[in-house]
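Read the structure below first, then the notes.
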Amino acid sequence: MRKLSTFELLTLKRLEESRNIRDEEFSWLAHGIFEHCKEGNPVNMQTSLSSTSMNVISRLLFKKRYFNTMHSDEESEEFKDLVKKIMKINGVFNISDYVPFLKPFDFQGIRLECNQILSRVNRFFNKIIQEHLKEKMKENESKDFIDVMLSHPGVNGVEDRLDELTIKGVAIDIFVAGTDTIATTVEWALVELIRHPNVLKKVQDELDDVVGQERVVNENDIPQLKYLQAVLKETFRLHPPAPLLMPHESRKACEIGGYHIPAKTPIFVNVWAVHRHPSAYENPFDFNPERFVENPIDVKGIDFQLLPFGSGRRMCPGLNYGLLMVQIELAKLLHSFMWTLPKGQNPQDIDMGEIFGVSIPKKIPLQVVANVRLPLHLYASKKLDAFI
Ligand code: HEM
């Protein structure tokens with residue numbers, strides 16, 4: 001499964017091919033916020049960002065978008081609920097993992113809930129796979145990830161094609177791993193920027209220098225947006241979307257810091273704590289992107305003091321997707337809008353509480369008012385004829 005994600009699906013070629021999806025969805029996000037905030041109403045950024053991430057990933061996977069950026073229908077709510085439930089159950093502390101003789105009893109009802117979720121996931125993906133098998137792809141139409149997996153010859157050729165269980169597993173893995181991570185990071189970045197107006201101004205000044213105000217920002221601008229990149233590194237440091245990474249296991253016995261770790265021990269790497277450790281960072285609790293300016297520390301798994309994507313063999317295979325998505329989405333939001341809190345609220349009063357699980361989203365969703373900072377025609381929505 002891992003090889004399939006890394007070498008067939010989340011490749012640089014497919015990243016480039018899917019640029020129009022990101023372009024359209026992020027334009028829709030800006031358009032939706034523009035429409036919503038016209039009258040001065042605050043927008044719930046958690047809902048908007050999460051819907052947008054889900055649309056991007058579901059279009060990559062099976063060319064469908066379920067979420068209208070500002071509104072949702074019943075089917076999309078069901079799907080979103082499924083993803084949320086999977087995220088939640090992934091993060092639950094399961095006592096039977098540590099006291100194996102309790103396994104048969106399912107005291108916490110985790111197995112029961114997993115089975116219920118699984119049958120809903122099965123129902124959903126059976127339909128998608130059947131639709132893909134029925135519909136012949138049009139010439140010149142780009143392949144989605146389900147197409148790629150269905151046409152994959154398997155390890156030993158035609159007789160060994162990928163089975164449906166593997167396809168469903170990879171699809172749900174990518175969905176879960178690629179949606180909340182993006183939405184959570186961008187929401188936390190916005191929160192920190194609203195709490196630090198001097199940083200917000202600096203990053204918007206950079207956008208105006210690089211992009212100007214006569215066009216919208218695009219992916220080619222990203223390499224020049226050095227301060228924006230520093231802001232995101234600082235956001236990843238304080239709010240890593242996967243604070244304990246995924247569960248790992250020691251392959252053989254080893255010794256770390258004087259502790260003996262037997263083979264096959266479950267390992268959780270607490271990057272949240274590493275990122276806030278005073279031996280790694282000065283004033284580690286302060287949000288200070290300047291620490292990453294002219295600093296070679298990167299998020300690519302080489303610098304152990306900053307590991308939001310993990311490191312080594314099991315590190316995030318969607319790193320290039322993830323990084324580009326948070327960069328362009330945040331750039332678009334900051335370039336397009338001035339951000340203020342609803343009347344009567346003070347940036348320093350924003351609740352910084354987190355929900356702790358596989359990811360750590362903000363406990364109370366960010367509500368903000370967005371005011372335009374570009375010419376009005378730049379907020380027009382890109383056409384999504386295929387989906388309307
Ligand atoms: C801000 C964005 C993201 C962050 C911070 C992030 C972080 C991570 C982390 C920490 C892991 C576990 C690594 C480990 O345990 O060592 C992981 C796994 C994974 N990520 Fe990401 N990720 C992001 C976006 C994405 C995206 C956009 C995709 C796909 C489009 C993706 C696909 C995956 C997959 C499939 C795995 C599981 C790999 C496995 O089963 O071994 N991620 N990610």
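Because the structure is predicted, anything quoted here is derived from the model rather than measured. Heads up: numbering here begins at 1 and tracks the sequence. Just follow the structure's listing: the first ligand is 1, and inside any ligand the first atom is 1.
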Establish whether F285 and L193 are linked, either directly or via other cluster members, by ILVMFWY side-chain heavy-atom contacts under 4.5 Å. no
Does R314 reach ligand 1 with a nitrogen or oxygen that is under 3.5 Å from one of the ligand's nitrogen or oxygen atoms? yes
Basic-acidic side-chain contact under 4.0 Å: E24, R59: yes
Give me the nearest non-hydrogen protein atom to atom 38 (C) of ligand 1 as residue plus atom name, then the distance to 0.1 Å. R2 NH1, 3.4 Å
Among R14, M246, R313, H248, the residue with a heavy atom nearest to atom 16 (O) of ligand 1 is H248
Atoms in ligand 1 flagged as close to P241, the criterion being non-hydrogen separation under 4.0 Å: 5 (C)
Does the ring center of F236 lie less than 6.0 Å from the ring center of F292? no
Taking 2.8 Å as the upper limit, name the protein N, O or S atoms near atom 21 (Fe) of ligand 1. C316 SG
Donor-acceptor pair, distance only, cut-off 3.5 Å: does the side chain of D303 make one with the backbone of D298? yes
Quick one: are the ring centres of F34 and F337 less than 6.0 Å apart? no
Given that the side chain starts at C-beta and the backbone is N, CA, C, O, which of these parts of L10 lies under 4.0 Å from ligand 1, counting heavy atoms, or is it both or neither? side chain
H31 ring center near Y379 ring center (under 6.0 Å): no
Numbered atoms of ligand 1 (with element) below 4.0 Å of L245, judged on heavy atoms: 10 (C), 14 (C), 15 (O), 16 (O)
Residues E294 and K226 bridged, charged N to O under 4.0 Å: no
If you count the atoms of ligand 1 from 1 in the order shown, which ones are under 4.0 Å from a heavy atom of D173? 35 (C), 37 (C), 40 (O)
Close-contact set for ligand 1 against P308 heavy atoms, below 4.0 Å: 5 (C), 7 (C), 10 (C)
Against heavy atoms of T185, which atoms of ligand 1 measure under 4.0 Å? 1 (C)
Using modelled atom types only, decide if a donor and an acceptor are shared between the side chain of D106 and the backbone of I110 within a distance under 3.5 Å. yes
Any donor-acceptor pair under 3.5 Å from Y227 side chain to E206 backbone: no
Tell me whether the rings of F145 and Y321 are parallel (<30°), tilted (30 to 60°) or perpendicular (>60°). perpendicular
